[in-house]
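Here is the structure we will look at, set down as structure tokens.
Side chains are part of it too, since the values below use all heavy atoms of this structure and drop only hydrogens, waters and symmetry mates. Counting from 1, the numbers follow the sequence of the chain as shown. Everything numeric here is computed off the predicted structure, so don't read it as measured data.
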Amino acid sequence: MLLAFQRPYHAAWVTAFLAGRAIAGVESVAGPHYRRQLAGGVWVEAELTDRGLRVDVPARGVDALDACDRLRRLFDLDAPAAAIDAHLAESSALADRVRRFHGVRVPGFWDAFEGAVRAILGQQVSVSRATVLAAALCERFGGGMFPSAKALARADVASIGMPGTRGRAVSKVAERVADEGDAWLLTPDTLRSGFADIPGIGPWTTEYTAMRVARDPDAFPDTDWGVFKALGCKGRPAREWAEPCRPWRAYATMVLWATGST
């Protein structure tokens, strides 16, 4: 089946972003091709084409509608790209960047709980280190798959090689998801308030998760290293710089990440 997207769509950026964060054995990205392993060893496959995202779902053992919904969020297919680009290009500081990288998306996650955990793993470490930690988490607590909330709620997460406070934060998120489900992660306000109650979760993690999991188009990680490299400032000065980008600051962040310090 083919899932349409609104043009423009910067497929190279999206696939490179996902490839750099793919968990070995769980998902893979090769050029425009994406694969995700599900329970039972079955794989969902997708390919970005000029016409849309072509999806191949096994005939048995997979809810095709659910898989397509997850892929729509993962690839941010529903963003009004032309309107976002036009708005961001009104900023003289972004206009040239948007022209060079039009159609940049905010990739999501296959699963909300997984996304929240991976955001915590990525706090104050590089993308490559966060991906290594995610793979270790899968190997130690998930039998090669991403662990369930129930499994991580009782796990010594820090044993994979991260600070104890951050490991306990993962377990706290897991406890709540195991008890209540993941709906609170999918709304920006409830995600932010929930994260504020958990020691070890900083503002970068909260905004990053709001951006990619809760799909808040105006989330802005103002302390992010990539934002700092691109702007030469962070915190309040970065927020002031980003004010004209509202309500699309998450997309402005992706433009900054895509273009770097150039």
Side-chain angles (χ1 to χ4, degrees), residues 1-11 13-15 17-19 21-23 26-30 32-84 103-119 134 138 142 145-150 173-174 176-178 180-192 194 208-219 247-248 250-251 254:
M1 64 190 75
L2 188 71
L3 305 181
F5 51 68
Q6 296 192 41
R7 298 177 183 275
Y9 191 99
H10 205 304
W13 161 251
V14 173
T15 52
F17 185 93
L18 294 175
R21 293 157 177 81
I23 306 174
V26 176
E27 55 191 347
S28 67
V29 184
H33 302 276
Y34 173 84
R35 302 178 73 232
R36 173 80 188 203
Q37 183 177 194
L38 306 182
V42 298
W43 290 81
V44 169
E45 302 188 20
E47 179 187 6
L48 273 173
T49 72
D50 291 339
R51 297 179 54 215
L53 186 69
R54 190 175 304 280
V55 179
D56 182 12
V57 180
R60 296 182 181 180
V62 178
D63 183 330
L65 289 178
D66 177 68
C68 287
D69 284 345
R70 292 174 184 271
L71 288 167
R72 294 199 76 87
R73 291 192 296 272
L74 181 68
F75 284 88
D76 195 15
L77 298 182
D78 296 322
I84 293 170
V104 172
R105 294 304 211 269
V106 179
F109 285 99
W110 177 265
D111 176 79
F113 171 65
E114 176 184 324
V117 170
R118 293 188 64 179
C138 294
M145 302 291 290
F146 199 86
S148 67
K150 185 176 180 180
V173 171
R176 182 168 177 184
V177 171
E180 304 176 19
D182 65 4
W184 65 281
L185 294 171
L186 299 172
T187 303
D189 287 346
T190 56
L191 184 146
R192 287 188 174 98
Y208 182 82
T209 312
M211 184 167 65
R212 293 193 60 202
V213 175
R215 313 301 302 155
D216 181 356
D218 203 40
W248 305 110
Y251 291 85
M254 288 291 166

Practice task
Look at the rings of W248 and Y251 and say which category their plane angle falls in: under 30° parallel, 30 to 60° tilted, over 60° perpendicular.
Solution key: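 Perpendicular, since the angle between the ring planes exceeds 60°.
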Problem - Heavy-atom neighbours of D50 CG exceed 12 at 6.0 Å - result: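 It does not: D50 CG has 12 such atoms or fewer within range.
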Exercise for the section: Any chance you could lay out the side chain to side chain contact (heavy atoms under 4.5 Å, CB included) test for V117 and F109, step after step, and finish with the verdict? Expected result: CA-CA 11 Å; V117 170; F109 285 99; over 6 Å; no
Problem - Residue pair W184, V173: steps toward the side chain to side chain contact (heavy atoms under 4.5 Å, CB included) verdict - result: CA-CA 10 Å; W184 65 281; V173 171; 4.1 Å; yes
Minimum heavy-atom separation for [X] to [Y], with atom names?
X    : Y    : answer
W43  : E27  : CZ3-CA, 4.4 Å
A67  : V57  : CB-CG2, 4.3 Å
A250 : D216 : CB-O, 3.6 Å
R72  : L3   : NH1-CB, 3.5 Å
C138 : P147 : CA-CD, 4.1 Å
A22  : S28  : CB-CA, 4.5 Å

[atom2] on [Y] to [atom1] on [X], rounded to 0.5 Å:
X    : Y    : atom1 : atom2 : result
R105 : I84  : CZ    : CD1   : 7.0 Å
L71  : R54  : CG    : CZ    : 14.0 Å
E114 : F146 : CD    : CZ    : 5.0 Å
E47  : H33  : CD    : NE2   : 4.0 Å
L74  : D111 : CG    : CG    : 11.0 Å
M145 : I23  : CE    : CD1   : 10.0 Å

Do any N or O atoms from the side chain of [X] and from the backbone of [Y] form a donor-acceptor pair under 3.5 angstrom?
X    : Y    : result
T49  : R51  : yes
R118 : R21  : yes
R212 : G108 : yes

Handout entry: Pairwise side-chain contact, V44 with R35, heavy-atom cut-off 4.5 Å (strictly under)
Key =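 No, too far: nothing below the 4.5 Å cut-off.
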Problem - Working for side chain to side chain contact (heavy atoms under 4.5 Å, CB included), residues F75 and Y34 - result: CA-CA 10 Å; F75 284 88; Y34 173 84; 3.7 Å; yes
Problem - D66 with R70: basic N within carboxylate O range, under 4.0 Å - result: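 Yes, this pair counts.
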Practice task
Would you check, one step at a time, whether the test side chain to side chain contact (heavy atoms under 4.5 Å, CB included) holds for F5 with D76?
Solution key: CA-CA 8 Å; F5 51 68; D76 195 15; over 6 Å; no
